[in-house]
Amino acid sequence: MTKLSVNINKIATLRNARGGNVPDLLKVAVDIQRFGGQGITIHPRPDERHIRYQDARDLKAIITTEYNIEGNPQHNFIDLVLECKPDQVTLVPDAIGAITSSAGWDTIKNQEYLAEVIQEFQRNGIRTSIFVDPVLEMIEGAKKTGTDRIELYTEAFAHQYDLGNKNGIDPYVKAAVLANELGLGINAGHDLSLENIQFFKQNIPGLLEVSIGHALISEALYLGLDNVVNMYLNKLK
């Protein structure tokens, strides 16, 4: 079964909109785990517009499943991850001020830099994953960085699926086959939803984990958080 890690950035966005502590981010994280979620993902950005650095510290004490921190490995982010020591760190090449992630790493151009950062995290017992597009050269480059896993950037798949083009899965299948051959673990995320998650999971060999936030929280507004978490778990079996 592919694990479901729930990204709770949108809960922090809603909280921050009013300045108080409603909804309570920590309680939501506890509840998601109680509902069956197998991990909690956060993606703090330098401006702390949703997840705050203090949230990352506070969550450490209450996550009993898997803790995944995503972000661009700039100095403040590296320091935060080394302080919190999550189970996994996912490196994402966000530009400062980006609304959301929009591309994977160029693992050839950034290979030396990524390798240095990855080694530091691994020395501290933190599993590493790097965000990549489904391009075979980028998968090969990822292997050379020493990362434990890749996270396939799935926006292109989700867009093609919405258009009715199921062949949009093909580059992801090829990327996954190569990753398996190279001994890289496979995660995936971005624009995965209840509509497309089962098809994606069924076609990607060795898919270990998906990280889903925006769609899951949006769907929960209509269907309820407990219900939606378990709907994803059923589709990921």
Side-chain angles (χ1 to χ4, degrees), residues 1-10 37-39 41-43 68 70-72 88 90-95 98-108 110 128-143 145 147-220 223 228-229 231-237:
M1 180 176 176
T2 302
K3 288 186 177 181
L4 171 66
S5 186
V6 179
N7 186 315
I8 57 173
N9 278 21
K10 286 297 182 292
Q38 295 144 324
T41 291
I42 60 170
H43 189 147
N68 175 44
E70 298 181 343
N72 193 321
Q88 177 174 265
T90 301
L91 308 183
V92 182
D94 285 340
I99 294 176
T100 187
S101 305
S102 58
W105 286 98
D106 183 330
T107 59
I108 298 171
N110 297 287
T128 60
S129 178
I130 54 178
F131 205 54
V132 293
D133 295 304
V135 176
L136 299 185
E137 292 81 3
M138 295 301 112
I139 307 300
E140 292 169 344
K143 175 64 177 179
T145 68
T147 190
D148 302 296
R149 295 187 183 185
I150 56 168
E151 179 172 327
L152 292 171
Y153 172 46
T154 50
E155 181 182 18
F157 156 74
H159 178 66
Q160 291 301 314
Y161 190 90
D162 285 347
L163 295 175
N165 177 22
K166 293 186 177 180
N167 291 331
I169 194 75
D170 292 348
Y172 294 88
V173 175
K174 293 175 183 177
V177 168
L178 178 59
N180 285 325
E181 290 174 353
L182 294 174
L184 291 169
I186 303 171
N187 298 341
H190 205 92
D191 288 349
L192 295 174
S193 69
L194 282 174
E195 292 296 320
N196 60 38
I197 188 63
Q198 190 169 41
F199 179 80
F200 187 81
K201 191 265 190 234
Q202 289 173 343
N203 284 276
I204 301 300
L207 182 62
L208 298 174
E209 177 182 299
V210 292
S211 175
I212 304 179
H214 183 80
L216 188 152
I217 299 303
S218 298
E219 290 155 349
L223 302 171
V228 166
V229 167
M231 289 171 75
Y232 274 100
L233 293 173
N234 286 331
K235 290 176 182 291
L236 289 167
K237 287 181 179 177

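Side chains of D191 and H159 form no contact here, defined as non-hydrogen atoms less than 4.5 Å apart. A 4.5 Å side-chain heavy-atom check between V173 and I204 finds at least one atom pair inside the cut-off. Contact of the F131 side chain with the E70 side chain is not registered, since no non-hydrogen atoms from C-beta on lie closer than 4.5 Å. Residues V210 and N187 fail the side-chain proximity criterion, which asks for heavy atoms closer than 4.5 Å. Using a 4.5 Å heavy-atom cutoff, the side chains of L233 and M1 are in contact.
Between N7 and I217 the shortest heavy-atom distance is O-CG1, 4.3 Å. Nearest heavy-atom pair, A215 versus S193, reported as atom, atom and distance to 0.1 Å: CB-CB, 3.8 Å. Taking all atoms of both residues into account, the shortest heavy-atom contact from A158 to N196 is CB-ND2, 3.7 Å. Listed here is the closest heavy atom pair of Y232 and I212: CE2-CD1, 3.3 Å. For the residue pair V229 and G37, the shortest heavy atom distance occurs at CG1-N, 3.6 Å. Taking every heavy atom of both residues into account, P205 and I186 meet most closely at O-CD1, 3.5 Å.
Judged purely by atom type and a 3.5 angstrom limit, E151 has no side-chain atom pairing as donor or acceptor with the backbone of T90. The backbone N or O of M138 lies less than 3.5 Å from a partner atom in the side chain of T107, making a donor-acceptor pair. Listed for the Y153 side chain is no donor-acceptor partner under 3.5 Å among the backbone atoms of P134. Side-chain atoms of T2 come within 3.5 Å of backbone N or O of L207 as a donor-acceptor pair. Between the side chain of K235 and the backbone N or O of I197 there is no donor-acceptor pair closer than 3.5 Å.
Rounding to the nearest 0.5 Å gives a distance of 13.0 Å between CD1 of I150 and CG of L91. E195 contributes atom CD, which lies 8.0 Å from atom CG of D162 (distance to the nearest 0.5 angstrom). To the nearest 0.5 Å, atoms CG (N72) and CH2 (W105) are separated by 5.0 Å. Annotation: the span from I130 atom CD1 to T147 atom OG1 amounts to 4.5 Å, rounded to 0.5 Å. We find the OG-NE2 distance between S211 and H43 to be 10.0 Å, quoted to the nearest 0.5 Å. Put simply, CG on N234 and CG on L194 are 10.5 Å apart, with the number rounded to the nearest 0.5 Å.
Ring geometry, F157 versus F200: the interplanar angle falls from 30° to 60°, so the pair is classed tilted.
More than 12 heavy atoms of other shown residues, nucleotides or ligands fall within 6.0 angstrom of atom NZ in K201.
Sorted by first then second residue, the side-chain hydrogen bond (donor to acceptor under 3.5 Å, both in side chains) pairs that include residues 163-173, not counting sequence neighbours, are Q160-N165.
In terms of the side-chain hydrogen bond (donor to acceptor under 3.5 Å, both in side chains) criterion, residue partners of E209 (sequence neighbours excluded) are, by chain and number, Q88.
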